[in-house]
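Take a look at the structure below.
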Amino acid sequence: MSTAPVYTRSNTDWSAWLDLTGKVVVVTTVRVAPPAQHLFTPYDLVMVQFKRPRAKRKIFMAASGESIQPGDTVKCVLRRLGVPDATSLINYGIKVAKVTKVAKV
Amino acid sequence: MRINIAGSTITQFGELWGRSLRDLLFEAMEQAIISAQLEPSAIEAVFVANKAGGSLAQQRHLNALASSWFPHFPPALRVEAACASGGLAMIAAEDALLSQRFQTVLVVGVEKMTDVPVGEVTEVLATAADMEQEIGSTFPALYALLANAHIQAFGTTREQLSTVAVKNHAHAIDNPVAQFRKAVSMEQVSHSALVADPLRVLDCSPITDGAAAVVLSTHSPQKKSTKPCILGRGHAQDTVDLASRASLTELAATKRAAAQAYAQAHLTPKDLPVAEVHDCFTIAEILAIEDLGFVAKGEGGPATLRQDTTYQGKIVINPSGGLKACGHPVGATGVKQVAYLAQLIEQNLYPLALAHNVGGSGGTAVVHILGKESA
């Protein structure tokens, strides 16, 4: 069973999310995942509060293995959402990555 | 109009390799009718609660299967509301009785979960979430987000979460149909494998086969009845996806369903000596006892740690062992809660009781208050 078509069909506006930043409200680290995400474990699942133009909360997978905490600023990035089997399309969509502040020199 | 619980039964819960979905369904229906001292022909309609018979047991026509057990093929329908399927089937049956279309109906909840690999069960259970919004989530992960929100807001601790599991396993020891009649220690819970931080394996309810059934009737008992009746009931909904909720430290549907039930029963949370609440995860019990008004918001963890929610405390929460230790055959759970409490009331162990059933991470909530006197 693949949830990819269901999710992808309802999230075709992914380009509107790209580069938007938001603040992490709450986070968990998923260690036992559905089969499509199994190879990403452990990964963070985060609820993000966005400001305008999309002032809403939304749940995303985190893009990398870095530790994300509540209060962190994250940015929407395009990433692979699942590991397909031999016959499936590769499913891409929005994940979030931590925004690291660059120190002023 | 008074709705009596004329009969009730709960099958063995657990990994029941030798029993199929059909076996469990038929066993529960037969035993409930025997318990009600009725003939099968007295059942005018059947309400079947089930979440995933099609995915987990290759059976997607459960209403007809249930009806086919009877010689007269009564009308039957299936109700699905994720883990609240049982509670909602009760509501549907009660509505049918209150409309006076029927006078005696049977509600049966059933789930066969252990015939497929755990990964598949996890994926099927995750469909209780919003699959268009929450990719990468699992059922434990969504409750882990709720747990972390509760920890951030109220300082809820690992020790408090573990106490829920320890208590419910202790309660299940005296329940002959429970899946786990085995005590667990604080250390075992607190050091079990992480599933979704902070929730560990022993914070989670198990995968379970099982069924439960009740016979509901509006017929007036011919002699003074010892049968319990439904004093109040409530049913409320919320968003399926967690991120759209107004608050992450409560399940608003539970609060609204409870308010309906308390008002109908003319009771307050302080009047209840016992409750079966939806502890699919340890944090879920803490949220439930707060949202049902048994303790103040944020006090669920400390109250559990103080032993306020077990025998000799202020209210006994989940005497059956709850979902955590009695088991959680998803579609059966809401019916099992009512059946178990009805039996306690019939045995004169408690005058009143509350059952609380939740679907998904709070998208559906159903509350029933049972007692012996009609409101």
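In what follows, every heavy atom counts, from backbone to side chain, and hydrogens, waters and symmetry copies are set aside.
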Task: Pairwise distance CZ(A/R57) to CG(B/D241) - rounded to 0.5 angstrom - done: 9.5 Å
Open item on the list: Within this structure, what is the NE2-CD distance for the pair A/H38 and B/E123, rounded to the nearest 0.5 Å?
Closed with: 12.5 Å
Task: A/M61 side, atom CE; B/S137 side, atom OG - distance, nearest 0.5 Å - done: 9.5 Å
Task: Contacting moiety of A/Y43, where chain B heavy atoms sit under 4.5 Å - done: side chain
- [ ] Inspect the surroundings of NZ in A/K75 and state if more than 12 heavy atoms from other residues, nucleotides or ligands are less than 6.0 Å away.
- [x] no
Task: Interface moiety of A/P42 toward chain B, non-hydrogen atoms closer than 4.5 Å - done: neither
- [ ] Identify which of B/L145, B/T138, B/T122 forms the greatest number of heavy-atom pairs closer than 4.5 Å to chain A.
- [x] B/L145
TODO: Select one option (side chain, backbone, both, neither) describing which atoms of B/A141 are under 4.5 Å from chain A's heavy atoms.
DONE: both
- [ ] Might you point out which heavy atoms bring B/Q152 and A/P70 nearest each other, and give the distance in Å?
- [x] OE1-CG, 3.3 Å
TODO: Tell me, out of A/V27, A/D44, A/T29, who's got the most heavy-atom pairs with chain B below 4.5 Å.
DONE: A/T29
Task: Segment of B/L146 engaging chain A (4.5 angstrom heavy-atom cut-off) - done: neither
- [ ] Using non-hydrogen atoms and a 4.5 Å limit, figure out which bit of A/V48 sits close to chain B: side chain, backbone, both or neither.
- [x] neither
Task: Residue-level interface, residues 188-204 of chain B with chain A, non-hydrogen cut-off under 4.5 Å - done: B/L194, B/V195, B/A196, B/D197
- [ ] Going by the side chain to side chain contact (heavy atoms under 4.5 Å, CB included) test, name the single residue among A/L45, A/I59, A/L81 that passes it with B/I135.
- [x] A/L81
- [ ] Verify the neighbour count for atom CD of B/E159: are there more than 12 heavy atoms of other residues, nucleotides or ligands below 6.0 Å?
- [x] no
